[in-house]
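Structure first, commentary second.
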Amino acid sequence: MASVLQRIDGKGYKAYQDLVGTYTFEQFTLHIDYVQPDPFANPSRMRVVIPRCAAKILPEWTDSAVRRTALTDFLARQVAAALAGRRGKGGGSGKSGLLEIDAPGQEVLLRTAVAIDEESIDIRLSAGLPAAGRRILARQAQKMLSDDLPAVIRQSVGSLNPRLVEEHLQLAENQQAIREYLRNHGLICFVNNGAILPRVSGVSNRSLPADRAVLFKSPPEMEVTISLPHGEPLCGMGIKTGITLIAGGGYHGKSTLLAAIERGVYNHVAGDGREYVITDETACKIRAEDGRRVEKVNISPFIANLPLGKDTTEFSSEDASGSTSQAANIMEMLEAGSRVLLMDEDTSATNFLIRDARMQSLVAKDKEPITPFIDKVRLLYEHKGVSTIMVLGGSGDYFDVADRVIMMDEYRPLDVTDQAQKVAAQIPCRRSAEGGCDFGEVTARIPARHSFQPRRGNKEKVEAKGLHTILYGTARSELAFVEQLVDASQTRSIARALKTLAERLADDQTPLSTLLDKLYAVIEQDGLEAISPYRGKHPGDLALPRRFEVAAAINRLQSLKIKVPKRDGP
């Protein structure tokens with residue numbers, strides 16, 4: 001490496017291409033897979049491969065899928081911490097001196113940042129090779145690759161603390177045990193006593209310090225105790241399947257509780273405050289999304305008999321209203337397999353949630369296309385097995401359909417189900433039920449393969465822009481209101497998943513839900529790297545999204561076209 005750098009010192013930046021190759025260090029092997037063409041371009045990709053024995057990785061640390069994911073997460077955090085302590089970038093143009101890993105956040109996600117097999121650990125890094133303008137700075141590059149990088153590896157993977165590793169893995173196993181307990185005991189959520197639910201601010205995912213927070217304490221009526229594989233049994237609030245309302249005054253913690261529940265589909269690291277807030281992995285946050293595109297979704301369970309006879313069994317819109325977008329969001333997530341819906345009245349369309357007795361008297365049902373959610377939520381559970389958790393502060397009519405009511409009082413939850421039922425009996429609801437006797441059909445849809453055209457002019461364009469935007473050819477998919485998407489690396493994975501679906505799975509015959517099954521079967525068999533264009537080298541900065549966020553991105557793709565199966569009859 002030193003001889004190559006000496007030879008290209010001061011030359012144009014493209015001469016850095018001569019570095020592509022493999023270099024042997026004392027403790028590891030460095031593979032430079034890709035060199036950026038320009039100091040302002042996307043950074044170079046390189047891999048550090050360390051023999052497993054050199055890092056003293058114990059066999060029991062990788063003896064299950066849960067442990068393997070937790071271990072790679074731990075290693076990525078160690079490398080990220082070591083890189084954060086590295087002094088500056090050393091100056092230069094563009095990304096000069098950059099050295100980074102796809103660092104995990106509060107959630108523990110399957111990532112491609114670190115891979116481990118029976119023989120070695122593979123650490124995937126991004127680097128900005130130093131330059132002045134567009135001239136190579138070989139001395140700075142030599143220091144970065146020959147001094148800084150080995151120091152980072154020694155400080156992180158080269159000096160693992162077995163106790164800290166084991167604690168990280170045991171937390172993951174405890175979280176998995178709670179998920180299994182939920183499935184086996186008819187629960188959809190667990191919130192442990194002592195959890196810290198508030199965040200530092202609305203733009204931070206960090207926990208509020210314990211001395212400034214009200215620690216969570218379950219109502220006695222809802223408390224469950226769960227035995228864990230590591231440590232003492234854990235007590236907390238268990239939410240059963242069915243319909244649960246979270247009520248209370250403004251600023252008393254209703255939305256804070258729901259926000260913790262919606263993030264509970266992911267595991268969290270120790271110290272997050274929500275590491276033992278565990279939610280059914282299929283839970284989906286539903287909201288109104290004015291202006292979103294909808295493509296041939298059967299929203300007839302909620303909206304029918306539109307003026308001029310517009311069909312709602314194959315409803316399409318380039319600019320959906322609040323109510324129609326919320327109806328479409330529900331039906332799309334049911335199509336993708338969700339068993340739990342999470343809703344907050346603050347982000348819902350009012351006319352979608354409720355139509356009170358006075359409005360029913362003024363506007364006859366045959367003049368109102370919308371069947372409000374209050375008249376479908378019970379049917380949704382009884383006929384489809386789909387539970388709902390709702391934040392409500394303004395409509396007591398939902399007491400009639402709720403299985404339980406939690407009231408937040410200064411961030412403390414109280415089970416007020418009995419009181420709510422008494423209120424419902426004393427103050428009868430005067431509205432008429434409008435939902436009929438059946439929820440309605442969840443229609444499977446077939447994405448047309450030609451929906452996914454990756455080319456923009458003479459070039460292919462498939463990429464994520466931050467957390468909320470995917471560019472696919474000439475089309476976009478905007479995900480700002482997909483609230484359980486938590487990491488930009490997930491968004492990058494979704495972009496690659498769309499291309500995998502288009503090239504390998506979509507056939508103009510397979511329904512979307514089955515395509516998602518096939519996609520995740522590929523990932524389970526071959527790893528997340530299977531969807532990367534760089535498989536076998538540096539696979540990119542990817543983190544595993546849920547099938548529901550992939551479905552959301554497909555449904556919001558501007559170019560999506562749905563093929564509707566032919567119906568029987570004339």
Side-chain angles (χ1 to χ4, degrees), residues 13-14 16-17 20 31-47 94-95 102 111-113 124-129 293 295 446-480 482 485 487-508 510 512 515-516 518-520 522-523 526-545 547 549-563:
Y13 200 88
K14 288 187 177 180
Y16 264 136
Q17 297 287 338
V20 172
H31 301 276
I32 300 180
D33 293 326
Y34 164 79
V35 171
Q36 64 204 99
D38 183 279
F40 300 92
N42 289 331
S44 303
R45 298 175 182 270
M46 54 186 63
R47 293 176 292 126
K95 297 179 173 64
D102 184 29
R111 291 178 180 272
T112 59
R124 289 77 181 259
L125 302 170
S126 298
L129 297 174
R293 183 175 187 269
E295 171 68 7
I446 300 172
R449 189 174 183 180
H450 71 264
S451 300
F452 308 97
Q453 297 293 336
R455 302 200 70 80
R456 175 179 290 183
N458 295 325
K459 295 183 179 180
E460 188 175 277
K461 190 77 168 180
V462 178
E463 65 176 347
K465 291 291 188 182
L467 180 63
H468 293 135
T469 301
I470 290 173
L471 305 179
Y472 198 98
T474 59
R476 301 168 69 93
S477 182
E478 295 292 349
L479 305 173
V482 181
L485 188 62
D487 194 299
S489 297
Q490 289 180 303
T491 312
R492 286 192 285 270
S493 294
I494 294 173
R496 303 313 314 179
L498 297 189
K499 196 160 190 299
T500 300
L501 284 170
E503 293 179 347
R504 300 169 54 183
L505 302 174
D507 58 5
D508 290 333
T510 304
L512 176 57
L515 289 176
L516 294 171
K518 291 183 176 182
L519 172 68
Y520 281 84
V522 168
I523 293 172
D526 299 329
L528 186 55
E529 296 181 14
I531 66 173
S532 169
Y534 309 109
R535 190 178 182 189
K537 294 185 177 182
H538 191 310
D541 306 324
L542 306 179
L544 185 67
R547 64 186 283 132
E549 282 66 57
V550 176
I554 293 171
N555 283 310
R556 287 160 180 77
L557 189 65
Q558 292 171 329
S559 58
L560 177 66
K561 296 297 180 184
I562 292 295
K563 288 189 64 177

Contact check, side chains of K499 and P454, non-hydrogen atoms, under 4.5 Å:
yes
Is S477 reaching over with its side chain to a backbone N or O of A553, donor-acceptor style, under 3.5 angstrom?
yes
Looking at R492 and D102, is there a salt bridge between them, counting it only when a charged N and a carboxylate O are closer than 4.0 Å?
yes
For the side chain of T510 and the backbone of D507, is there at least one donor-acceptor N/O pair under 3.5 Å apart?
no
S559 (side chain) donor-acceptor with S451 (main chain) under 3.5 angstrom:
yes
Looking at L515 and L505, what are the two nearest heavy atoms and their distance?
CD2-O, 3.5 Å
Looking only at heavy atoms, what is the nearest atom pair of M46 and A127, with distance?
CE-CB, 3.6 Å
In the structure I gave you, are the side-chain heavy atoms of Y534 and D33 within less than 4.5 Å of one another anywhere?
no
Run Y34 and H538 through side chain to side chain contact (heavy atoms under 4.5 Å, CB included) and show every step you take.
CA-CA 8 Å; Y34 164 79; H538 191 310; over 6 Å; no
Residues S126, D541; criterion side chain to side chain contact (heavy atoms under 4.5 Å, CB included); working and verdict
CA-CA 9 Å; S126 298; D541 306 324; 3.9 Å; yes
Does the side chain of R556 come within less than 4.5 Å of R293's, by heavy atoms?
no
Could you pull out the closest heavy-atom pair between A475 and L557, with the gap in Å?
CB-CD1, 4.1 Å
State the CG-NZ distance between N42 and K95, to the nearest 0.5 angstrom.
6.0 Å
Contacts of E478 that satisfy side-chain hydrogen bond (donor to acceptor under 3.5 Å, both in side chains) - sequence neighbours left out
T469, R476
Could you measure the distance from the CD1 atom of I523 to the OG1 atom of T500? Nearest 0.5 Å is fine.
7.5 Å
Where F452 and L498 come nearest, the two heavy atoms and their spacing:
CD2-O, 4.3 Å
N/O donor-acceptor pair under 3.5 Å between Q490 side chain and D487 backbone:
yes
Set of residues satisfying ring pair (Phe, Tyr, Trp, His ring centres under 6.0 Å) with respect to Y13, sequence neighbours excluded:
Y16
Smallest separation among heavy atoms of L501 and L519, with atom names:
CD2-CB, 4.2 Å
Please answer whether the main-chain N or O of L467 pairs with a side-chain N or O of T491 as donor and acceptor at a distance below 3.5 Å.
yes
Partner set under side-chain hydrogen bond (donor to acceptor under 3.5 Å, both in side chains) for K461, not counting sequence neighbours
E463
For Q36 and P43 the tightest heavy-atom approach is OE1-CA, 3.8 Å
Would you say S493 and I531 make side-chain contact, with heavy atoms under 4.5 Å?
yes
Of K537, R124, R496, R47, the residue whose pairing with E529 passes salt bridge (charged side-chain N to carboxylate O under 4.0 Å, His left out):
R124
